[in-house]
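Quick note: numbers below take in every heavy atom, side chains included, and nothing from hydrogens, waters or symmetry partners. All chains are named by letter (A, B, ...) in the order of the sequence lines, taking the proteins before the strands, and each is independently numbered beginning at 1.
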Amino acid sequence: MSITWYLCLSALVFSLGAAGVLTRRNPLVVLLCLELMLNAGNLALVAFSRMWGNGDGQVFAIIVMVVAACEVAIGLGLVVAIFRRRLPVDVDELRELHG
Amino acid sequence: MSPTTAAWLALAFPLAGTIINALLYRTGRTSRLTGYVGTAALALSFAFAIVAFLSLQGRDPEHRQIVSTLYDYAVTGSIDARMAILVDPLSVLMLLVVTGVSMLIHLYSVAYMGGDRGYARFFAYLNFFVFSMLLLVLASNFVLLVIGWAFVTAASTLLISFWYRRQTATRAGVKSFVINVLGDIGIILGTFFILRHTGTLDFLGTFAQAQELGAQHQADLTAGLILLLVGAFAKSAQIPLHTWLPDAMEGPTPVSALIHAATMVTAGVYLIARMHPLFEQSATAANVGAIVGVVTLLVAATIGLVVTDLKRIIAYSTMSQIGYMIMAVSTGAYVAGMFHLMTHAFFKALLFMAAGSVISAMGGEQNLDRMRGFRKAMPFTYGCFVIGGLALAGIPPFSGFFSKDEILLVQAQIGGWHWILYVVGYLAAFLTAIYTWRMIFRAFWGEPNEQARELEHGHLWHAPQPTNPATGEVEDTDVGFPGPEHHIAEREGPMKLAMGTLAFLATIGGIVLIPKTTTWLDDFLEPTFANSSVVHHASNGKLWLGLALGAALGLAGIFIAYKIWATGDGRAALHLRERLAGVHRLFVNKWYFDEIIGWLIVRPASWFGRFAQQTFERIVVNGVFVGGSTGVVRAGSAAVRALQSGFLRAYAALLLVGAAAVILYFLLQS
Amino acid sequence: MSLPLSIPLWLPVAAAFAGLLLPGVATRALTILGAALTFVWSLWAIADFDRAVHGLQNVTDELWISQLGIHYKLGIDGLNLFLIALTAFLWLICAIWAARKAWGTGHKDKLFFFFFALAESAVLGALMAQDLALFILFFDLMLIPFLFIGGIWGPEGTRVPAMLKLFIYTLVGSLLMLAAAIATGVMAADQSGGALSFALSDLRQNVLPKGSQDWIFLFFAAAFLVKMPMFPLHGWMPDGYRTIPLPALAVFSGVLSKVAAYGFLRIVVSLYPDASVHFQDLMLILALCSILYGSAMAFTTTETRLILGYSSVAQLGFIVLGVFALNGDGAQGAIFQMINHGLVVAPAFVVVAYLAGRAGGSEDLRDMGGIAFRAPVLAALFLIVTFATLAMPGSANFAGEFLILLGAFQHSIAIAAIASIGVILASVYALRFFVRAVQNRVGPEVASRELSLTEGLVLVPLVGMILFFAVYPQLALHRGEATITRSVQPAAALIDAPPATEASAK
Amino acid sequence: MLRDIFFFLFAIGVLSGAMGVVVLRNPFYAVLSLVVHLLSLALLFLLLQAQFLAAAQVIVYAGAVIVLYVFVVAYVGSSVEPIRASAGPGLRALSVLFATALAVELLIAVVGSTLAGIDGDGEKILFGFGTPSFIGELLLTRFLFPFELATILLLMAAVGAVVLARRRGGIDGAGDVLAPLQFGLRPPPGTGTMKEGVGDINPTAELSRSREQEAPVAAVAPRAETAQLDPQEPSR
Amino acid sequence: MPSLLAAAHPLTPDIGWAGFSPILALLAGGLVCLLTGLLRSRLVREQLVPLLALATFGAAIGLGIWQWGEAKDLFVAKGSQGALRLDDLTLMITFIVSVAGIGTVLLSWRALAPREAAHGEYYALLLSSSAGMVVLAAAQNLVTLFLGLELLSIPLYVLCASEMRRERSLESGLKYLIIGSVGSATMLYGLAFIYGGAGDTDFNGIAAALKGATAHDALVLTGIGLTIVGLAFKASVAPFHQWTPDVYEGAPTPITTFMAVATKAAAFGVLLRLMDVALIDAQPDWAPALATLAAVTIIVGNIGALTQSSMKRLLAWSGVAQAGYLLAGVIVGSKLGVQATVFYLAVYLLMNLAAFAVIVARERETGLGDDIGALAGIGYERPALAWPLTLAMLGLAGMPATAGFIGKFFLIEAAVDGSYTWLGVVIVIGSMISLGYYLRVVAAMWMGGRAATAVEPSATATPRLAGADPAGERAGFEVVAVAVLAGAATLFFGVLPGPLMTLAEDAGRALGLL
């Protein structure tokens, strides 16, 4: 199976994640979609790592996982804080700031 | 004393008078101090003019053209304008005429303006005018000439709108100024045409190259001279730039006498005479001058026949007479032109002074229709008027007789189409006699009117409420007007003295150049016109024919006037008016020049102003340039803000669209 | 031996700044003192000016920002000598004028004088600068104080939009000029292979290729034409003129617009001769439009400030005409006319202020009239100003206009002829102003008062200066001749001898 | 050959998991769908010789992170996203279009690439590629700094999460009036009780009901700010 | 002992502690603050912790000065370039970030946000974010770059939301997080592609690999594109700028200050290093794209700012526009460009610090928040605030005699020098538009009628907990000091830019460009 296939798969996942961010209104789900985008990146990294036969990509992917975890932590923290403030948990309702 | 020193001093005194009078503006209403200061300045100036004359006479004929430079005025690049005067017979003649006549008019004004609240101002202006006129006359280069030219315009404007609370006066002032600025432009542009090839602004330097100029740059020379003529026409009220002169009669009568009759308006004549070396190189330009002159003299005479404002009649007459002079100097009859200039200064100033006296007696009223029978009430004035009238009508042996015939004689001499000028000149002379005497008969003959009767009983008539004769508007008496205090020659020594002197001069002025008898003027001016290529030798036959014709036509004119107005109560004129209604309308409306100029120039200009103010400024300058650009920016701003909707997902969408666009670009690059 | 130029340059603002820190009326006194010392210096500079030296004199040249190639280079030559003196003179007089009024309380009052003096230093800097970047810096800087002056002390309500309009509009041009200037410096350095330098003397060594010159020229023209202002880029002018207080407006109109015209000669024509020749006709036509349009507007408006404003548009049209005649006569006339117009328009604004003071505060022509009788001295002084404004022969303005028209005439007879219509129109609006302001019937609210002594203190020196130059214009013409002629020389040479390529192309 | 089959199998898992995340309305299901995605991805990693990564993926992601998600979903309430078009641009179709365009572009980039190794199965690799020791050595040598920095990042994320999710605000200013603690009483709604967690109580509905009675008690009325800020709200 | 250790572990990378010290100081300072914040004493928490943070920033600057002029790779392991690069560019960014940090600490001193978030945590996050910025600027490895970016962002997400009782603060945090994560993910994807193309994550390796045809490979270029998008996002380049106004407005003002200047500096630091070192051979490909983005950014930023009445929003839009100006320095890929960018970043820091300090002061003094109305009439009431803000606005508009003029001059010069004259023209067009809003602020201060303090604070003040900072107080000494110092520096460097210019020159030389 050539690397191209992996990359194509990764591209599809990335786009799916992007579509999710654009269409979903629940911040939790938006965060999930962001995970998808990061995972697409991971897949590409690992595929390239395999392609070049060096470990940089894999290490990069590990770091990305860490980052993803951090983003999730903060994101969920925010969601909780928003929920606590009794604000709607909906990205479309949060538009006090505009213009 | 050298002639130039004397000329500088003659120039300096009026200026000193101006300054002193300006500083004396606070002198009381009854003080005639400033009047005498002004007159004294002119007297001194006249004295030095005589000194200059004598001193010049004392020199060799070859050395009678002297330039004296005070300092560099603007010597840079391709111009060399110096503060320098040219003293030669021509300028000295003008110096004498101007200072002499001015002195008398100053004297006249001392009394005539006695009641005016702007007395000091008047004399300051008047002195300034003389200074300017002398500057014009003495200028040794084009720049100084233009400066003097413009200064007299300014002085004239100030004096026309002397009673500046009258809107008619200020309007007339502006009109005269603007038309004369047009003349200035003409001279400036004309100068450029000449300067372009000569490389100097100096008169003598230019004249020295006149031959080459005519030979090599005929077109430029002609263009330049015609532009100079525009200046001359504007200043000398020649058609079509004459319309300011009748309006200028808004000024006090001494002003009309000095500026608009005797001196300033003849500047155009002087200019052409001064430029004769150039005009002789360009027949076209000279012909233009001659034709305009002749047209003016006829048209002005016809208008003079029908106008009823006393001063305006004299003003049109002035135009007409200057037409003679312009015609003369344009056809090479320099001496004749200058001769007529001089005699005209005498008799026309006299006429204006006399008219001023009558107007005073009328309480400021200038309408001829209202005047009647002042003969007994104002014998001195009447006498002066008659002398002036005889001179103007060209009755021998009064001065006008000789000078006018001299001009027309030259036309006959040249022959060809100049015969037309000759004929028209005599026709106009005939008309001149008619309208001049129409004035005299109507104002002085017949049953005395209310004002005249009152004067006969020993006191001057005053209007219960002074009004502006032109509009009927009630006067604003603050700044003075021919107002509560009028002064007539019969009661004022200075006026009498001035008028008497002028009457004398008007009578005997012709003595300087009587055909076959005296050639004083010819001899005197000889050095200036020495290089003139145009030399006229009149045959005896033409000479006598002309003299006889002139006298006959003058007398005929007077006779007709007598028949109609002195004995016939003007009914014949009314009859004629009905018969020739169209012609009369044309004359009364001054050949519609004001209207034509209004249509051609004033209206488009004011339309353009209104268009700019109301439309262009708003729509283009503020609309397109300011509003347009800010509008675009504002619209953009609104769009950007609309995009900034606050919806997170929209932001993400734009981000991805941007990303997609960037990728697309890079894909295309690969 | 002469004073470093930096001293007179910074003296005004330094003095005013010291005044800002001191209590009480010190600001006024120090501002006037600073302006006075600068003026005295400028007189001495005129006396000291060596006509034999053709280049710059009294040069200060230091590398200011070496990385950007910007020099702190100042110098005097015939081009700017009298403009500097004019600036110093007008500022001194207007500072005295301003000192007669209260400009608010406490800090606010002092601020006025600070801004006023800052403007003087900036203008002097723009005139003295011999480095392109430095020129632009000062050119933009000089507008800032006026933004504040108009914005703070203008009429309530309209002042902010008006000043913003003025500022932005004029800076639009300036900023384009900035880009063009930088391009000039960089391209010149590329061409010569040498170090980057914005010093004008260095830039002059490398004439840019024709194509680059063209757009650079247009950008510079945009800056200068707006600042002057020239038709049709004068949209900011009416609002701006209505807003800026008169003492500041007098110097604004008298000097700032001249700096732009001066920029044409100092920079554009000498650095971009090819483009100047290329766009000569465009500029001349714009100049003609300005003359005619400005005059037409001036004789139809009744706002006295705007009469002067539009007359300035027309006058600046003449100046541009002189500059772009691209010959010595025109350029010299232009420079001389800059001085004259400054000397004329400043007293005109003084007169406007005095007239408005007598017409119940109204600056509208319709509310004026008839004061000449009770205020003859004022009227007489105004008359002199009027005659100078309309460039009556005998005034220095005439000498300037004569040279300009002569320059234009040498280029094209038609253009000179059309331009001369402007002279006629000038007489119309100037006289109309005079007649309606001091003659005719007395206006409804008018209280005629003679010029007071303190009022005279401001107006008389200005009129005196007009008369002086009327009698002896040679003073300025003589000193400027060599440098001014040289500044247009490259362009003039191009006109006289068209490039061979063009000739062969035909 | 076998690898190809596995690839397609796992790829289907990855895609369907991803699709599920994007499409499923209930956040809880979306989370579960993500698990499928992540596990499939881990298997793909195995195919790519990234054993350690695969393991980490399963443990860190499918384990820890997902648990976190589940907790929060449970806490916030797994309300089904409303069907109605959102108040926003609501251009769902447009979003899909954008995403499709993006996908097409990326695919073109991948397919159009002429890189040497991209069409192969990859370089020959040494034994031990992708093993923990291989990764570990890299992390301690070449990537020592990123490795260390990651710890800081995690620490800061933890701190941040604490700051955000902490029950009480950090304010201890003197001027504040704190709401009296309500021992033994029903905790205020929306504060994450178990009842809410399992969905017995709809906190949003609860909120609106309890707002009136709470307002005088709480130091600050919720959402009061909007009401009070409005007058000064700059006109936009 | 170190020698022994090194001998024992030949693979241990050469860390280069001296060069690492500024970053280390920031990281360690963050931990110290975090731990100190756990102490109970209020005095310690509210006074000592900020002091510690100040000391940390001070130490970072001090260490940076110590290391000035050095150029070395850090964490060099066998066969790799090293994760970080310490050179004058890094240090310049360190200075900028640290000065911004000091300003932020001072502005936060009596603000609400640290109290809400707890002081220890607040300053620890601030310091670690600063460390992330320096790492980002120093990164010469894709992994380090990504981590630096995240270390920068994640604390900022929290800090933005730190005034949790304010809905807008939370909203800004969430928006920043989500959009930021999209940006991060996009960039990650791009980095992955670059790695895929080059087979290496070190910048040198990438530069070496991307020669010839590889540089034009679709995959690589797509990677570059996606990376540009990610970095452009951080630098608020249009059309990836939309978070900026919302987040700036919603975040606590001191944090906005920090984001406005420090984030931008870091983002441009990495842009310079990545584009002008690693991807320099692809410059003909990416430069036009970036130039187009820059032009769009300048226009969009400026017209977006035009009608704003919130000062923070206005400055956010202005920041967008300024990012466009700054891009010019990156695009040309020359030494001059780097210098111009660095110089402008420093100048931008000063101007924005002054502006935000005044906003903070007025937020506390009036009840109007960051509305432009809060500035009305302060010209006469509070000249110490009005002058700095005036100078800042004039400087941002590029008026002469302020450092902004020199900075803009420098940028345009760089653009023209790099044959991007048209971009220089766009910069000036943008500046023209920008006058429309900068001057409005100046007008509000000096040319309005009534002073804002006339508004009765109690009547309209935002409730203390719900709104921003407590209103009606006289702003603290430190806020005014920040404003005055930054304003004075704006003026000073406008007249005598020499010192700053020298720094920028050294920094520009660091990348080894022509």
**Q** From A:L31 CG over to E:S181 OG, what is the distance, rounded to the nearest 0.5 angstrom?
**A**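 Those atoms lie 7.0 Å apart.
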**Q** So which atom in E:I154 and which in A:C70 form the shortest heavy-atom distance, rounded to 0.1 Å?
**A**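 So the minimum-distance heavy-atom pair works out to CD1-CB, 3.4 Å.
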**Q** Provide the closest heavy-atom pair for E:Y195 versus A:W52 in the form atom of the first, atom of the second, distance.
**A**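 Heavy atoms only, the tightest pair is O-NE1, 3.6 Å.
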**Q** Indicate yes or no for a side-chain donor-acceptor contact from E:Y189 to the backbone of A:M37 under 3.5 Å, with no hydrogens or angles considered.
**A**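 Absent.
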**Q** Nearest heavy-atom pair of A:G41 and E:L188: which atoms, and what distance?
**A**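 Result for this residue pair: CA-CD2, 4.1 Å.
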**Q** Please give me the minimum heavy-atom distance between A:M51 and E:G196, naming the atom from each residue.
**A**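 Closest heavy-atom pair between A:M51 and E:G196: CE-O, 3.5 Å.
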**Q** Which answer fits E:S153, side chain, backbone, both or neither, if we ask what part of it has an atom under 4.5 Å from a heavy atom of chain A?
**A**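 Interface part for E:S153: neither.
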**Q** Would you mind checking which part of A:I82 comes under 4.5 Å of any heavy atom in chain E, side chain (CB onward), backbone (N, CA, C, O), both or neither?
**A**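 For A:I82, the contact with chain E is made by backbone and side chain together.
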**Q** Counting only heavy atoms closer than 4.5 Å, note whether A:F60 contacts chain E via side chain, backbone, both or neither.
**A**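 Both backbone and side chain of A:F60 come within 4.5 Å of chain E.
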**Q** Measure A:A11 against the heavy atoms of chain E and call it side chain, backbone, both or neither at under 4.5 Å.
**A**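 Both the backbone and the side chain of A:A11 come within 4.5 Å of chain E.
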**Q** Counting heavy-atom pairs under 4.5 Å to chain A, which of E:T201, E:V158, E:D202 comes out on top?
**A**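 Top count of heavy-atom pairs under 4.5 Å with chain A: E:T201.
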**Q** Side-chain contact test, heavy atoms from C-beta onward, threshold under 4.5 Å: evaluate it for A:V67 versus E:S184 and give yes or no.
**A**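 A side-chain contact is absent here, since even the closest heavy-atom pair is not under 4.5 Å.
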**Q** Can you list every pair that meets salt bridge (Lys or Arg N to Asp or Glu O under 4.0 Å) and has a residue in residues 47-62 of chain A, with sequence neighbours left out?
**A**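 Non-adjacent pairs meeting salt bridge (Lys or Arg N to Asp or Glu O under 4.0 Å): A:D56-D:R142.
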**Q** CG/A:L78 to SG/E:C160 distance, rounded to the nearest 0.5 angstrom?
**A**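 Taking CG in A:L78 and SG in E:C160, the distance rounds to 9.5 Å.
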**Q** Distance from E:L191 atom CG to A:L45 atom CG, nearest 0.5 Å?
**A**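 Here the interatomic distance stands at 8.0 Å.
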**Q** Decide yes or no for E:T186 and A:F14: does some side-chain heavy atom of the first lie under 4.5 Å from some side-chain heavy atom of the second?
**A**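 In contact.
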**Q** Hey, what do you get for CG (E:L177) to CG (A:L76), rounding to the nearest 0.5 Å?
**A**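 Answer rounded to 0.5 Å: 9.5 Å.
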